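For reference, the structure discussed in these notes is given below.
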Amino acid sequence: MRYSRDLRGYGETTPDPQWPGGARIAVQIVVNYEEGGENSIEHGDAASEAFLSEIIGAQPWPGKRHWNMESIYDYGARSGFWRLHRMLRDIPVTVYGVATALERSPEQVAAMKAAGWEIATHGLKWIDYRDIPREVEADHIAQAVALHAHVTGERPRGFYQGRCSMNTVALGCEEGGFEYLADTVADELPYWHLHNGKPQLMVPYTMDANDMRFSSGQGFGTGTDFFDYLRDSFDVLYAEGKAGAPKMMSVGLHCRLAGRPGRAMAIQRFLDHARSHEGVWFASRLDIARHWAEAHPFQPRLRPSQMDREAFVQRFGGIYEHSPFIAERVWDGEMGAVHDSAAGLAARMAQVFRGASDEERLGVLRAHPDLAGKLALAKRLTTDSTAEQASAGLDSLTDEERATFTRLNEAYVAKHGFPFIIAVRDHDKAGIMRAMQARIDNDTPTERAEAERQVMRIGELRLNEALK
């Protein structure tokens, strides 16, 4: 089985985004413009809207218009938008614009353009795509791009469906004209996503620093709640950036929600707080995408989880000495993006090794050569073993040193029934010698456990080299 989700991402150490001017944080504000694109009988939909409004627990009205729901959305276009526009017009905002909503709001579109805001597409209609057939969603995306271009004068460069399906990201990749997709909340930095072997930049969005939580049962109750959350999010990310790991902070706003006066003050207070700090880059999502593509262009790399079985076993079958069954069982099991790193693949190989039978594990131990033994002298070690022994100077021993290694090897094998095994890259020649002398005296069960730990460590070190 191939697991589709990437649970590793950048791992413990995130890349330096190299934000312009050495900024410690990139702040990205989204204004969602959905008013006029929501579910409505008048829009040809089967029922009224029920999502992201002041009516907690609202339900669709099949076949009927919902006056209160429609007027809530109307407020966003008529009043809320203009309040947010006045507050944010000097900031490089990204608009997630539903194409049919933009079409019904020419004055608002003109104001967005006059402010220099990026207008990304938020799809054709503000509807839930989870049950929409793939081909219908693809057609809607194509219609959204075309209508967006007709309304704004240019095609969108970013895409956020929002109420997306499991097909949305793939369809966004296949459309071919987007510089970034935003249907992900998986990270705090952009990342490259591969679809059918082609890279697509993802610029993650947010569902936590988002005024949508004013409309949920468990969320923000007051503007102060919202400001506190935005401030604390900013402060944590700013401190991380100051410490050398800058990130981006997304803030999601909706005209009919944050545009209300009792909430808008939270936005102003947050802007004042962020502007009081040095090294803050306010940017549109397109600014961030283009910067990332230049500073961190896609780099092809070996992805073990995507290799066919024969190639995988050929490449990694020797990680555990002369024991390709480890690689075979790894490939036959679940693999995903987490196994495309040395640490992830090493962990899975160790898991398979631990799960092998006692006889199989003993066979792996016995497959290892003696250190500085006859095989090394005859130059018959595997490539990995040759390099490892050379790294510790075991390929250039004096006659006396070789005699000592031979004596210790013979005594060790006679007592324990398998060769002395140690991850030589972790030691120098003198340290290896001391370890041999000390471990000969262990009882065999203790030494067996130690030898198996060393086998797994050797595998980890070999994978570090193989997947640099």
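These figures come from a predicted structure and were not determined experimentally.
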[X] [atom1] to [Y] [atom2] distance, which is reported to the nearest 0.5 Å:
{"X": "Leu102", "Y": "Thr152", "atom1": "CG", "atom2": "OG1", "value": "7.5 Å"}
{"X": "Glu34", "Y": "Thr100", "atom1": "CD", "atom2": "OG1", "value": "10.5 Å"}
{"X": "Ile319", "Y": "Leu463", "atom1": "CD1", "atom2": "CG", "value": "4.0 Å"}
{"X": "Phe316", "Y": "Leu302", "atom1": "CZ", "atom2": "CG", "value": "5.0 Å"}
{"X": "Arg260", "Y": "Ser79", "atom1": "CZ", "atom2": "OG", "value": "7.5 Å"}
{"X": "Ile421", "Y": "Arg457", "atom1": "CD1", "atom2": "CZ", "value": "15.0 Å"}

task: Check whether the side chains of Gln351 and Arg348 place a donor and an acceptor atom closer than 3.5 Å, and report yes or no.
output: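 Side-chain D/A pair, Gln351 to Arg348: present.
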- request: Begin with the C-alpha distance, continue with both residues' side-chain angles, and end with the deciding distance and a verdict on side-chain hydrogen bond (donor to acceptor under 3.5 Å, both in side chains) for Thr94 and Tyr160.
  value: CA-CA 11 Å; Thr94 290; Tyr160 176 70; over 6 Å; no
Which atoms form the tightest heavy-atom contact between [X] and [Y], and what is the distance?
{"X": "Ala295", "Y": "Pro17", "answer": "CB-O, 4.2 Å"}
{"X": "Tyr205", "Y": "Ala182", "answer": "CB-O, 3.6 Å"}
{"X": "Asn210", "Y": "His254", "answer": "OD1-CE1, 3.4 Å"}

message: For the residue pair Arg285 and Trp117, would you count it as a cation-pi contact if the rule is NZ or CZ under 6.0 angstrom from the ring centre and within 45 degrees of the ring axis?
response: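 Arg285 over Trp117 ring: no.
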Sub-3.5 Å donor-acceptor pair from the side chain of [X] to the main-chain atoms of [Y], do we have one?
{"X": "Thr206", "Y": "Asp208", "result": "yes"}
{"X": "Glu360", "Y": "Ser323", "result": "no"}
{"X": "His148", "Y": "Ile119", "result": "yes"}
{"X": "Thr222", "Y": "Asp225", "result": "yes"}
{"X": "Ser250", "Y": "Gln28", "result": "no"}
{"X": "His368", "Y": "Leu365", "result": "no"}

Any pair counted as salt bridge (Lys or Arg N to Asp or Glu O under 4.0 Å), so long as it reaches residues 235-249, sequence neighbours left out: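 Qualifying pairs: Glu240-Lys247.
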Pairing residues for [X] by the side chain to side chain donor-acceptor pair (under 3.5 Å) criterion, not counting sequence neighbours:
{"X": "Gln454", "answer": "Glu450"}
{"X": "Glu465", "answer": "Lys468"}
{"X": "His322", "answer": "none"}
{"X": "Tyr180", "answer": "Glu118"}

Going by the rule salt bridge (charged side-chain N to carboxylate O under 4.0 Å, His left out), which residues pair with [X] if we only count those two or more places apart in sequence or in a different chain?
{"X": "Asp228", "answer": "Arg231"}
{"X": "Arg8", "answer": "none"}
{"X": "Glu175", "answer": "Arg155"}
{"X": "Arg361", "answer": "Asp358, Glu452"}

Just so I know, are the side chains of [X] and [Y] near enough to count as touching, which here means a heavy-atom distance under 4.5 Å?
{"X": "Ile25", "Y": "Pro246", "result": "no"}
{"X": "Leu467", "Y": "Ser341", "result": "no"}
{"X": "Val251", "Y": "Phe234", "result": "no"}
{"X": "Phe178", "Y": "Leu201", "result": "no"}
{"X": "Glu38", "Y": "Val98", "result": "no"}
{"X": "Pro304", "Y": "Trp331", "result": "no"}

query: Charged N to carboxylate O under 4.0 angstrom, Glu35 versus Arg78?
result: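 No, no charged N to carboxylate O under 4.0 Å.
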message: Check this for me: does any side-chain nitrogen of one of Arg462 and Glu321 sit under 4.0 Å from a carboxylate oxygen of the other?
response: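 Looking at Arg462 and Glu321, the cut-off is met.
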message: Walk me through whether Asn32 and Leu257 qualify under side-chain contact (heavy atoms from CB on, under 4.5 Å).
response: CA-CA 10 Å; Asn32 291 269; Leu257 298 176; over 6 Å; no
task: Show your working on side-chain contact (heavy atoms from CB on, under 4.5 Å) between Val145 and Phe159 and close with a plain yes or no.
output: CA-CA 9 Å; Val145 171; Phe159 173 41; over 6 Å; no
statement: Test side-chain hydrogen bond (donor to acceptor under 3.5 Å, both in side chains), reference Tyr238, set Arg24, Glu278, His273, His277, output is Arg24
task: Determine the interplanar angle of the Phe298 and Trp192 rings, folded into 0 to 90°, and report it as parallel if under 30°, tilted if 30 to 60°, perpendicular if over 60°.
output: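 Phe298 and Trp192: perpendicular rings.
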- request: Could you check whether the rings of Tyr96 and His122 sit parallel, tilted or perpendicular, using 30° and 60° as the cut-offs?
  value: tilted
message: Filter on side-chain hydrogen bond (donor to acceptor under 3.5 Å, both in side chains), then keep only pairs touching residues 291-307, sequence neighbours left out; what's left?
response: Ser305-Asp340
query: How far apart are the C-alpha atoms of Cys173 and Asn196, what are their side-chain angles, what is the distance that settles it, and do they pass the side-chain contact (heavy atoms from CB on, under 4.5 Å) test?
result: CA-CA 9 Å; Cys173 295; Asn196 292 338; over 6 Å; no
Is the number of heavy atoms from other residues, nucleotides or ligands under 6.0 Å of [X] [atom1] greater than 12?
{"X": "Met307", "atom1": "CE", "value": "yes"}
{"X": "Arg5", "atom1": "CZ", "value": "no"}
{"X": "Met1", "atom1": "CE", "value": "yes"}

task: Go through the steps for Leu189 and Asp187 under the test side-chain contact (heavy atoms from CB on, under 4.5 Å), then give the verdict.
output: CA-CA 6 Å; Leu189 287 174; Asp187 214 302; 4.1 Å; yes
Under 3.5 Å, side-chain donor or acceptor atoms of residues 131-142 against the rest of the protein: list the pairs with distances, not counting sequence neighbours.
residue, atom, partner, partner atom, Å
Arg134, NH1, Glu174, OE1, 3.4
Arg134, NH2, Glu174, OE1, 3.3
Arg134, NH2, Glu174, OE2, 2.9
Glu137, OE1, Ser165, OG, 2.6
Glu137, OE2, Gln161, NE2, 3.0
Glu137, OE2, Thr168, OG1, 2.5
Asp139, OD2, Gln143, NE2, 2.7
His140, ND1, Tyr129, OH, 2.8

Could you go through residues 81-93 and list every donor-acceptor pair under 3.5 Å that involves a side-chain atom there, pairing it with any protein atom two or more places apart or in another chain?
residue, atom, partner, partner atom, Å
Arg83, NH1, Tyr75, OH, 3.2
Arg83, NH1, Gly259, O, 2.7
His85, NE2, Ala111, O, 3.3

